[in-house]
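Written below as structure tokens is the structure these notes are about.
Treat the numbers as computed from the prediction; the structure is a model and nothing was measured.
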Amino acid sequence: MILIDGKATAAALRAELAEAVAAARSDGARAPGLAVILVGEDPASQVYVRNKERACAEAGIVSFPHHLPAQTSQADLLALIRACNADANVDGILLQLPLPGGLDAQACLLAIDPDKDVDGFHPMNVGRLSLDLPGFVSCTPAGVMELLRRYELPTAGQRAVVVGRSNIVGKPLAMLLSRPGPYGDATVTVCHSRTPDLAAQCRQADFLFLALGRPRSITADMVREGAVVIDVGINRTPEGLCGDADFTAVSKKVRAITPVPGGVGPMTIAMLLANTVQSWRQRLSL
Ligand code: NDP
């Protein structure tokens with residue numbers, strides 16, 4: 001059984017990015033820049049933003065923090081986004097969600113220049129993904145695909161089941177898996193809360209992707225012998241963090257599995273850095 005180590009993979013990816021940035025910098029290129037916009041004092045968002053800013057610094061990416069009060073008006077927030085769009089030193093714009101009540105997240109995401117939308121949430125990038133055009137892919141599903149590539153677990157010709165259809169995880173992941181290519185070309189089934197007999201669907205999967213947010217709800221009897229299980233779920237329970245799979249029992253019958261914590265989670269920030277570096281390379285024609 002292969003235990004997919006997301007922490008080590010993310011660290012390797014971050015080191016590669018840092019090296020590429022350092023090499024270009026020594027040739028005279030400016031540093032990659034990420035504008036980080038946080039509105040309000042949500043404690044979880046503050047932790048996420050701090051972690052992202054620290055990860056940027058380690059990779060040689062300059063972050064431009066914009067920490068605004070919860071009372072910020074929609075007009076002021078949009079004006080800040082437009083200023084970041086126009087700033088030649090900014091390659092990526094991260095708008096930390098959720099926004100405080102009264103602010104329209106959709107309108108703000110739409111205002112971000114799609115070529116600086118390193119979170120991949122702009123409808124233009126979602127459209128590019130669905131048309132197999134190059135663009136920014138949402139960081140968590142991009143991180144899942146990176147794990148499959150680095151562990152050489154190709155999905156072509158395999159049956160993939162994605163449990164969850166959210167805009168940030170399940171839906172883009174299903175699109176990535178059905179793209180042409182060795183890490184694509186899967187026959188994809190998307191399940192959600194209205195799917196009858198979820199267990200029967202899951203048992204069909206050669207590759208099972210879990211993004212439903214229900215602690216340990218996918219039990220060993222729902223998993224095919226020798227399947228690859230990628231558990232995106234992060235659930236807080238009294239005993240600590242756990243995934244959507246009943247890890248102890250499920251891991252006994254699979255070919256490969258991601259643990260929680262230490263699986264997909266660490267890849268998300270690494271892919272945000274990768275997207276920022278990708279934008280910087282495109283902007284500087286590196
Ligand atoms: P959402 O709550 O937005 O979506 C959950 C999806 O799961 C929905 O499509 C829902 O169906 C479906 N679902 C819920 N219950 C069931 C059920 N009993 N049977 C079948 N389907 C079900 O969550 P997210 O996509 O944002 O996140 C999913 C999980 O991934 C969470 O645990 C979250 O914490 C984690 N996560 C982890 C990240 C990481 O970095 N590793 C990043 C983002 C999320 P319906 O559409 O019908 O409601």
Apply side chain to side chain contact (heavy atoms under 4.5 Å, CB included) to the pair Leu284 and Trp280, showing each step before the final yes or no. CA-CA 6 Å; Leu284 300 188; Trp280 168 75; 3.3 Å; yes
Evaluation steps, side chain to side chain contact (heavy atoms under 4.5 Å, CB included), between His66 and Leu38: CA-CA 6 Å; His66 299 279; Leu38 170 66; over 6 Å; no
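Of all heavy-atom pairs spanning Phe207 and Gln158, the tightest one is CE1-CG, 3.7 Å. Between Val223 and Arg203, the shortest heavy-atom contact is N-CG, 4.2 Å. When all heavy atoms are compared, the tightest approach of Leu99 to Val39 is CD2-CG2, 4.1 Å. The heavy-atom pair separating Pro266 from Gly6 by the smallest distance is CB-O, 3.8 Å.
A distance of 12.5 Å separates OG1 of Thr9 from CZ of Arg14, quoted to the nearest 0.5 Å. We find the CD1-OG1 distance between Ile234 and Thr268 to be 7.0 Å, quoted to the nearest 0.5 Å. Interatomic distance, CG of Asp113 versus CE of Met124, reported as 9.5 Å (0.5 Å rounding).
Judged as a salt bridge (charged side-chain N to carboxylate O under 4.0 Å, His left out), and not counting sequence neighbours, the contacts of Arg283 are Asp91. Contacts of Arg179 classified as salt bridge (charged side-chain N to carboxylate O under 4.0 Å, His left out), with partners at least two apart in sequence or in another chain: Asp132.
Screening residues 207-217 for salt bridge (Lys or Arg N to Asp or Glu O under 4.0 Å), with sequence neighbours left out, gives Arg216-Glu239.
With salt bridges taken as basic N to acidic carboxylate O contacts below 4.0 Å, one links Asp115 and Arg128. A salt bridge links Arg149 and Glu146; the closest N-O separation between the charged side-chain nitrogens and carboxylate oxygens is under 4.0 Å.
No donor-acceptor contact under 3.5 angstrom links the side chains of Arg82 and Asn85, judged on distance only.
With contacts defined as side-chain heavy-atom distances shorter than 4.5 Å, the pair Phe64/Asn89 qualifies.
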